[in-house]
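Presented below is the structure to which this report refers.
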Amino acid sequence: ELGMEDPNVREIQELREKVEEAGMSEQARKEADRELDRLSKMNPSAAEYTVSRTYLDWLVQMPWKECTTDTADLTKAKRILDEDHYDLEKVKERIVEYLGVRKLKADTRGPILCFVGAPGVGKTSLGKSIARALGRKFVRISLGGIRDEAEIRGHRRTYVGALPGRIIQGIRRAGSRNPVFMLDEVDKLGTDFRGDPASALLEVLDPEQNIAFRDHYLDLPFDLSNILFITTANTVDTIPSPLLDRMEVIRLSGYIDEEKIVIARKYLLPKSLERHGLSKKALKYDKAALLRIARDYAREAGLRNYEKALNKIHRKLAKLRVLQEIDFPVQIDKGNLVDYLGKPLFHDEGIKKITRPGMAIGLAWTPLGGVTLIIEAVENAGKEAFKLTGQLGDVMQESASIAYTYVRHIAGDLGIDRKFFEGNQIHLHIPAGATPKDGPSAGITMASCLLSLALNNKINRSLAMTGELSLVGDILPIGGLKEKVIAARRNRIKEIIIPLQNEKDLEEIPEHIKKGIHFHALSKMEEVIDRLF
């Protein structure tokens, strides 16, 4: 009569209105109504009341019908991608293709892209750019170190403090049914007694299953097929095969020095200057200084160390400005770079190090990008033996063993005296012994190193090689050629020997990376020997 309702009745009524407005699927609506009826008959002081109330909150807050509209203008989308990222043409083209398909067929399912590359090449920031180009919301979750399956699928409501999994939480946070959903570090998932999160991700990423993804907490089917899933990884080796099979792998290679300079001028410098309170007119970098940072202080595949070097310079300048110990504008050139960054961290690896017979330059792939390896061998008088050092993995030890047997087998054809092997202990070493090394691509380099030692003939110091060797002298194909070529260019290598079967991979490497390097695509070790000696 006074017009005042019971607070509990009012709360139930508000929830009922929210359920009406939520636009749920038929199955979800039935479950919400059933839960509301239970809640209305329950005493608010009961422990079950809070559980039921929280569940209804999640149901009404899920974006059952909210959906963003994809950008219809493909030219605008491409312009946004070009603004945010330098190069990466293959990735940009793939996104524009997806938009083209969406324009022709609106209900097409979202692809699952997997960006694989070294740290700092722009995998995560590329996800944000894609969301901006598509006009969608962006959600990012990191999977690094997750060991619990419930992190993906959620906990059942029987547990105290149960919550939905990270997928449903991310969708609610986005407030849209079709965000760009980034799953970072998918190669670093763990496994223990609480289940296998990688297997739980199969349901999320499989286009046939994710139409009706069922989270343990909600226990209702939710359609994930409109979401554009993007995963990132440093290497595909640790991603389980069934999970990798659902994804479209796009490799992001490292950057060469010239690319780093362009990216520094266009993106890194303005960002770093703003972060340190300095204006663009306060200092000027010449090209030689930016090139020297890339060569002497930030030689990795990505750009994180390059950015750290710029930040270090700007921090020192900010301090000097506050103390009024320096006049602005400041010119940063090759001469005064050491004053801000200290002594160079890197020196030329390949050019100066081949000094005698028994040395060869190999090219290797690592999750951090390509590197050059100097392989060394020496002989000591004594009973025949072959020793290996350099913390080599099983595959590399096998490669070394094959290389030794092959060289021993063909020694007579090359005029090498049998007594060289019978009367010497040969020790083969790959420097940086504290760094674990493994992989099937150093076979021909090890064999060349041993031949150089046996023939007492020095290998050209500007020549590097990559390729696996079989016991009968065939050169087998390798992976990661682009990263290896970038490493060779970084160390000013002029010639590279590659397996003949990898010649087709050269087409995918941009011309500005291959410029100035001569490639020899060979299929037999005999051809390598002719080329070397």
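What you see is a predicted model; the values in this text were computed from it and never measured.
- Smallest separation of non-hydrogen atoms from Arg136 and Pro179: NH1-O, 3.9 Å.
- Closest non-hydrogen pair, Ala411 versus Phe421, comes out as CB-CE1, 3.6 Å.
- The line from CG of Leu243 to CG of Leu201 is 5.5 Å long, rounded to the nearest 0.5 Å.
- Side-chain atoms of Asn336 come within 3.5 Å of backbone atoms of Gln331 as a donor-acceptor pair (strictly under, hydrogens ignored).
- Side-chain atoms of Asp417 come within 3.5 Å of backbone N or O of Lys419 as a donor-acceptor pair.
- For Arg275 and Glu307, the salt-bridge test passes: some basic side-chain N is under 4.0 Å from an acidic carboxylate O.
- Residue Ile354 comes nearest to Ile361 through the heavy atom pair CD1-CG1, 3.6 Å, listed as atom of the first residue, atom of the second, then distance.
- Residues Glu185 and Ser142 are in side-chain contact: their nearest non-hydrogen atoms beyond the backbone lie under 4.5 Å apart.
- The shortest side-chain heavy-atom distance between Leu363 and Thr372 falls under the 4.5 Å cut-off.
- Asp530 CG: more than 12 foreign heavy atoms inside a 6.0 Å radius.
- The residues Lys514 and Glu511 are annotated as salt-bridged, a charged nitrogen and a carboxylate oxygen being separated by less than 4.0 angstrom.
- With hydrogens and angles left out, the side-chain atoms of Thr71 and Asp73 include no donor and acceptor closer than 3.5 Å.
- Of all heavy-atom pairs spanning Leu450 and Ala377, the tightest one is CD2-CB, 4.2 Å.
- Here the side chains of Thr238 and Lys188 are not in contact, with every heavy-atom distance at 4.5 Å or above.
- Side-chain contact annotation: His520 with Glu527, donor-acceptor N/O pair under 3.5 Å absent.
- Side-chain atoms of Asp505 and Asn502 include a donor-acceptor pair closer than 3.5 Å.
- No donor-acceptor pair under 3.5 Å is formed between the side chain of Lys494 and the backbone N or O of Arg461.
- Considering only heavy atoms from C-beta on, Ser399 comes within 4.5 Å of Glu468 through its side chain.
- The closest donor-acceptor contact from the side chain of Arg292 to the backbone of Lys334 lies under 3.5 Å.
- Looking only at side-chain heavy atoms (C-beta outward), Asp394 and Glu398 stay at 4.5 Å or farther from each other.
- Not a single donor-acceptor pair under 3.5 Å links the side chain of Glu248 to the backbone N or O of Pro111.
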Please test Met359 against Ile459 for side chain to side chain contact (heavy atoms under 4.5 Å, CB included), starting from the C-alpha separation and ending with a verdict. CA-CA 7 Å; Met359 297 178 79; Ile459 293 172; over 6 Å; no
Carefully, step by step, assess Glu384 and Arg408 under the rule side chain to side chain contact (heavy atoms under 4.5 Å, CB included). CA-CA 11 Å; Glu384 181 176 358; Arg408 187 90 167 72; 2.8 Å; yes
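- Counting only distance, with no hydrogens or angles, the side chain of Lys316 and the backbone of Tyr340 share a donor-acceptor pair below 3.5 Å.
- In terms of modelled atom types and a separation under 3.5 Å, the side chain of Asp187 and the main chain of Asn234 share a donor-acceptor contact.
- A donor-acceptor pair shorter than 3.5 Å cannot be found between the side chains of Asp84 and Ser125.
- Here Phe386 pairs with Tyr404 under the ring pair (Phe, Tyr, Trp, His ring centres under 6.0 Å) rule; sequence neighbours left out.
- Contact record, Lys260 with Gly302: CE-O, 3.6 Å, taken as the closest heavy-atom pair.
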Evaluate the side chain to side chain contact (heavy atoms under 4.5 Å, CB included) criterion for residues Lys92 and His85: first the C-alpha distance (whole Å), next the side-chain angles of each, then the deciding distance (0.1 Å), finally the verdict. CA-CA 9 Å; Lys92 293 172 185 175; His85 285 271; 4.3 Å; yes
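- Considering CD1 of Ile444 and CD1 of Ile497, their distance stands at 6.0 Å, rounded to 0.5 Å.
- Between Arg489 and His512 there is no side-chain heavy-atom pair separated by less than 4.5 Å.
- Geometrically, Arg265 does not engage Tyr285 in a cation-pi contact, judged by NZ or CZ lying under 6.0 Å from the ring centre and within 45° of the ring axis.
- Residue Arg251 places its CZ atom among 12 or fewer non-hydrogen atoms of other residues, nucleotides or ligands, all under 6.0 Å distant.
- Put simply, the side chain of Met396 reaches to within 4.5 Å of the side chain of Ile430, judged on heavy atoms.
- With sequence neighbours excluded, the residues satisfying salt bridge (charged side-chain N to carboxylate O under 4.0 Å, His left out) with Glu83 are Arg79, Arg132.
- For NE2 of His409, the number of neighbouring non-hydrogen atoms (other residues, nucleotides, ligands) closer than 6.0 Å is 12 at most.
- Within a 6.0 Å radius of NZ in Lys266, more than 12 heavy atoms belonging to other residues, nucleotides or ligands are found.
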Audit row: Ile498, Leu506, side chain to side chain contact (heavy atoms under 4.5 Å, CB included) steps and yes/no: CA-CA 10 Å; Ile498 63 168; Leu506 289 174; 3.8 Å; yes
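- Of all the heavy atoms in Ser448 and Met465, the pair that sits closest is OG-SD, 3.3 Å.
- Annotation for Arg295: atom CZ counts as buried by contact number, over 12 foreign heavy atoms lying within 6.0 Å.
- For Lys319, the NZ atom counts as loosely surrounded, since its 6.0 Å shell holds 12 or fewer non-hydrogen atoms of other residues, nucleotides or ligands.
- To the nearest 0.5 Å, the span separating CG on Leu471 from OG on Ser401 amounts to 8.5 Å.
- For Lys484, the side-chain hydrogen bond (donor to acceptor under 3.5 Å, both in side chains) test picks out Ser441, Thr466, with sequence neighbours left out.
- A side-chain donor-acceptor contact under 3.5 Å links Glu259 to the backbone of Ile256.
- Distance check: Leu283 CG to Leu269 CG gives 7.5 Å after rounding to the nearest 0.5 Å.
- Atom-to-atom distance recorded for Leu451:CG and Phe533:CZ is 5.5 Å, nearest 0.5 angstrom.
- Enclosure of atom CD in Glu274 is not indicated, since only 12 or fewer non-hydrogen atoms of other residues, nucleotides or ligands lie within 6.0 angstrom.
- In terms of modelled atom types and a separation under 3.5 Å, the side chain of Tyr255 and the main chain of Val121 share a donor-acceptor contact.
- Checking side-chain atoms of Tyr306 against main-chain N and O of Leu290 turns up a donor-acceptor pair under 3.5 Å.
- Taken from CG in Leu228 to CZ in Phe181, the straight-line distance is 11.5 Å, to the nearest 0.5 Å.
- Counting heavy atoms from C-beta on, the side chains of Leu205 and Leu183 come closer than 4.5 Å.
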